[in-house]
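Have a look at the structure below before the remarks.
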Protein chains: 2
Amino acid sequence: MTQLDATDIKILNVLQEEGRITNKALSEKLGLSTTPIFERMKRLEKDGVIAKYVALLNHKKIDRKLTVFVSISLKNHTRSYLEKFIEEMNQFKEVQEVYHIAGDFDYMLKIVTRDIETYQKFILANLSVNSNIAHVKSQFVLSRDKYTTAYKLDS
Amino acid sequence: MTQLDATDIKILNVLQEEGRITNKALSEKLGLSTTPIFERMKRLEKDGVIAKYVALLNHKKIDRKLTVFVSISLKNHTRSYLEKFIEEMNQFKEVQEVYHIAGDFDYMLKIVTRDIETYQKFILANLSVNSNIAHVKSQFVLSRDKYTTAYKLDS
DNA sequence: CCTGAAACTTTGGGTCA
DNA sequence: TGACCCAAAGTTTCAGG
């Protein structure tokens with residue numbers, strides 16, 4: 001693992017909140033010239049510490065009003081079946097996140113759709129036909145009260 | 001709600017995957033000149049369709065190896081108690097997401113920490129002392145098999 | 001959509017400890 | 001040697017026409 005120094009950490013904390021900040025503005029914020037910031041950013045990208053830059057959209061303004069957490073238990077847990085399940089989930093754009101979890105269920109999915117009808121159609125067309133799924137439990141989101149993608153790092 | 005046309009949707013789909021793409025590169029990708037792309041991006045930002053731009057980090061490279069989904073039920077559900085709970089959760093940097101959910105539990109939290117010891121300390125210091133929490137159920141993440149922040153939009 | 005001045009990015013060379 | 005600063009060359013931005 002790359003060792004991160006205090007300046008790296010400051011850069012990462014800023015970029016996690018302002019992903020399109022200019023090198024110049026970031027440099028001024030940290031009291032350095034553009035060169036070291038530029039080189040550090042490139043290094044952090046190259047080393048994979050920064051995985052990617054993205055725009056986060058307001059889901060309400062693009063007609064994606066429903067989020068559901070779906071817990072799933074599988075019948076067959078052999079490796080190839082797990083891999084097959086994951087591969088399948090990766091193809092569905094409605095499934096934004098997939099976690100293998102310890103406990104009663106095997107997987108937890110985060111599914112986002114336009115509304116409840118679209119959600120039901122999606123489940124019927126894509127999960128209900130999967131013969132390896134034993135159990136499905138849907139937890140509907142009433143409101144999202146906190147959301148951040150940032151890991152606040154301290155030096 | 002702002003009405004989005006096919007070009008807006010293409011712009012949003014690209015920016016959700018390449019948040020730092022230059023206006024010029026984006027314009028070339030969509031076969032338009034920089035001016036209309038520039039104006040549309042500014043409009044989408046101003047209207048709040050684009051909420052923000054962020055850098056996503058590789059959690060394994062910054063020593064955040066444990067993710068836990070925590071389901072919580074509260075004792076008192078009056079509005080002011082719910083608001084107090086949310087306000088409290090918003091102060092914890094380890095709590096990245098908070099969802100009010102329908103069903104057995106009231107809230108689901110996504111908590112990210114360095115490791116299991118740090119997690120336990122966090123729970124003991126911050127949740128166990130909350131006298132309004134009735135029940136806590138932790139679901140530990142073994143692996144994250146899909147993760148995207150993008151809503152793939154179709155025209 | 002085109003244009004160009006202003007702003008930003010990127011690189012090479014040089015300084016300091 | 002490593003981390004930084006400066007300045008010039010190369011790109012991009014963004015307002016006017």
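Just so we're on the same page: letters track the sequence lines, and every chain starts at 1.
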Next item on the list: Could you list who else is in B/V136's hydrophobic cluster, with ILVMFWY side chains joined at under 4.5 Å, directly or through other members?
Entry: B/L66, B/V68, B/V70, B/I72, B/L74, B/L82, B/F85, B/I86, B/M89, B/F92, B/V95, B/V98, B/Y107, B/L109, B/I111, B/I116, B/Y119, B/F122, B/I123, B/L127, B/I133, B/F140
Checklist line | Set of side-chain hydrogen bond (donor to acceptor under 3.5 Å, both in side chains) partners for B/T22, sequence neighbours left out | finding: none
Checklist line | Pairs satisfying salt bridge (Lys or Arg N to Asp or Glu O under 4.0 Å), at least one member in residues 131-149 of chain A, at least two apart | finding: none
Note to self: Under the rule for side-chain contact (heavy atoms from CB on, under 4.5 Å), what residues qualify as partners of A/N13, not counting sequence neighbours?
What the structure shows: A/I9, A/Q16, A/L153
Note to self: What range of DNA chain D does chain A touch, first nucleotide to last, counting atoms under 4.0 Å from its heavy atoms?
What the structure shows: D/dA3 to D/dC6
Next item on the list: Name all residues meeting the side-chain hydrogen bond (donor to acceptor under 3.5 Å, both in side chains) criterion together with B/E83; count only those two or more places apart in sequence or in a different chain, and write none if there are none.
Entry: B/R79
Next item on the list: Can you sort out the partners of B/E97 under side-chain hydrogen bond (donor to acceptor under 3.5 Å, both in side chains), two or more places apart, ordered by chain and number?
Entry: B/Y99, B/K110
Next item on the list: With sequence neighbours excluded, give me every salt bridge (Lys or Arg N to Asp or Glu O under 4.0 Å) pair touching residues 11-27 of chain A.
Entry: A/E17-B/K52, A/E18-A/K29, A/K24-A/E28
Each nucleotide N or O in nucleotides 6-11 of chain C that has a protein N or O under 3.5 Å away: list the pair and distance.
unit_1, atom_1, unit_2, atom_2, d
C/dC8, OP2, A/K24, NZ, 3.3
C/dT9, OP1, A/N23, N, 3.1
C/dT9, OP2, A/N23, N, 3.1
C/dT9, OP2, A/K24, N, 2.9
C/dT11, O4, A/T35, OG1, 3.4

